[in-house]
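Okay, so here's the structure we're looking at.
Keep in mind it's a predicted model, so treat the numbers as computed, not measured. Below, chains carry the letters A, B, ... as their sequence lines are ordered, and counting in each starts from 1.
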Amino acid sequence: MTIRVYNTVKRKKEEFIPVSGNKVGIYACGPTVYDYFHIGNARIFIVFDVIRRYLRWRGYDVTFVQNFTDIDDKMIKRANELGITVPELADRYIRAYFEDVEALGVEPADVHPKATEHITEMIELIQALTEKGMAYDVDGDVYFHTPAFKAYGELTNQPLDELISGARVDVDERKKHPLDFVLWKKQKPGEPAWDSPWGKGRPGWHIECSVMSTKYLGDTLDIHAGGPDLIFPHHENEKAQSEGATGKQFAKYWMHAGYLNINQEKMSKSLGNFMTVRDIRQKIAPEVVRFFMLSAHYRNPINYSADLLQQAQSGLERLNNVVYNLRDVLDKLPEEDGVSNDAAERLAALDAFRDRFIEVMDDDFNTADGLAVLFDIARETNTYLKNANPSRTVVAKTLAFFEDVGSVLGFFAPKEDDALDARVNEMIEKRQAARKAKDWATADAIRDELQEMGIILEDTPQGIRWRKK
RNA sequence: GGCGACAUAGCCAAGUGGUAAGGCAGAGGACUGCAAAUCCUUUAUUCCCCGGUUCAAAUCCGGGUGUCGCCUCCA
């Protein structure tokens, strides 16, 4: 069984075969660091974090590159508003990016290149395009000439003239073709600028990604990923620049996630209907946001609402509970193996679940189905844990299974907090004493107090258990 | 105008030819001092509508309806 991936450029699922053996290079367009990112952006980060983890888990040697756009119109405008320099602005929001993304369980990329650190390479690429007659200079601005690239429109699935007819923007008279786009922008007074053969200026948006992707991953990327609103013009333009310059295929697979909607409408900065991860983190565990994103297929649009997040939270709690219970039971189990007579059956079932997980994830990363597999194991595990004498091997292997699959989806990592543990244990002892004396009022008061501390206490047939909310 | 996506129970959602996964919420039961957690049972004769192909369709084809998106910066 091989992995199948939906390729935007082909508009269908294809077998995933990397360009070069076991190595997989993934480039994902990163944020423009002029503000906190919103939960629509977060979906992209989470989705491609899981895809990257999964490919690695399946044995591929993955290099994941995600850039920061740290120079463009929005950066300059925002820096001016805040009265700081563009690099200061970038620094502030790059730091915020890493904080928010860590909370969401997204691993840092292998390389996080910044646009401003690759100006030289961008100039070289623009020069190469100019020499090939695919780009032209008009008074310090350099444009890419779209008709010079025959396959222009392939990714968008639209011929050039159709793209023009729908255009909503006034055409710049200096351009040879309405869809020609800027590679190098002439400096305006007060703007940051770099020297170039065309005078002082700064790079256009699309050229950045062409340079930063191929610099770290080679001329042909295995996967180029990004948000769906980047397909046109950003990715179409990147493709034209890169393939125009190298004559080679730029990306073997183009992957795009679905939108995150709010009130049935795309969440976006320009519509102003966005919520940042920064804000939402105060109210809801970022882990729940992650679970919510993964509970639908990555290419389908999902609608965001407080109610849906609540549903996600309940679902995730169920899974977290079973993992918690496994750890708790394992702690208390004697070293020698229990005598559960269906141990062999349980271990075989675990293997079957693992196969199922791989099967659904191999099919274009179906995390919704992957989670369904976990819910099935959860039910069977909960039943098994009611066993008076569970096998230590079964419990340990089941826990290992959850942690292993969790390492792909980004859940179930153990958390340590010893100081709190001591305090909680003390309170539990007091409560047990009260219960023994049938002093239910005191017992319940202690339980309420723990609840305030974010600790949920349960009296199960197997004994007292507590967990952090 | 062109290109595209989506429509499955109260809600979320998987499933692309073989007779409707999973989760949340609800109901009943078991367990329990209570609560929580957990387990069992239960909730779609049916997958937006109308035609067609087929032994067989939620899945394929044609037509329609509705919602959303891209063709400007956006993930």
Inset, instruction - Ignoring hydrogens and angles, answer whether the base of B:C11 and the side-chain atoms of A:Asp307 contain a donor-acceptor pair closer than 3.5 Å. - result: no
Inset, instruction - For B:C39, take OP1 and OP2 only and decide whether either is under 4.0 Å from a side-chain N or O of A:Arg318. - result: yes
Inset, instruction - Name the closest nucleotide to the A:Arg467 side chain, picking from B:C39, B:A21, B:A36. - result: B:A36
Legend entry - A:Leu385 CG to B:A37 P, straight-line distance once rounded to whole Å: 17 Å
Inset, instruction - Quickly work out the A:Leu163 CG to B:G4 C1' distance and round it to whole Å. - result: 13 Å
Legend entry - B:G1 - base-pair partner by Watson-Crick or wobble geometry, distances under 3.5 Å: B:C71
Legend entry - Base B:C68 paired with A:Gln264 side chain (donor-acceptor, <3.5 Å): no
Inset, instruction - Please confirm whether any donor atom in the side chain of A:Arg447 sits under 3.5 Å from an acceptor in the base of B:C34, or the reverse. - result: yes
Inset, instruction - Could you tell me whether a side-chain N or O of A:Lys175 sits under 3.5 Å from a main-chain N or O of A:Asp180, the two making a donor and an acceptor? - result: yes
Inset, instruction - Let me know the distance between CG of A:Asn321 and P of B:C24, rounded to the nearest Å. - result: 11 Å
Legend entry - Interatomic spacing from CD in A:Glu287 to CD in A:Glu317 - rounded to 0.5 Å: 10.0 Å
Inset, instruction - With heavy atoms under 4.0 Å as the rule, sort A:Ser314 into base, sugar-phosphate or nothing. - result: sugar-phosphate
Inset, instruction - Confirm from the modelled atom types if A:Lys269 and B:C73 form a donor-acceptor pair under 3.5 Å, side chain to base only. - result: no
Legend entry - Under 4.0 angstrom between A:Asn382 side-chain N/O and B:C39 OP1 or OP2: yes
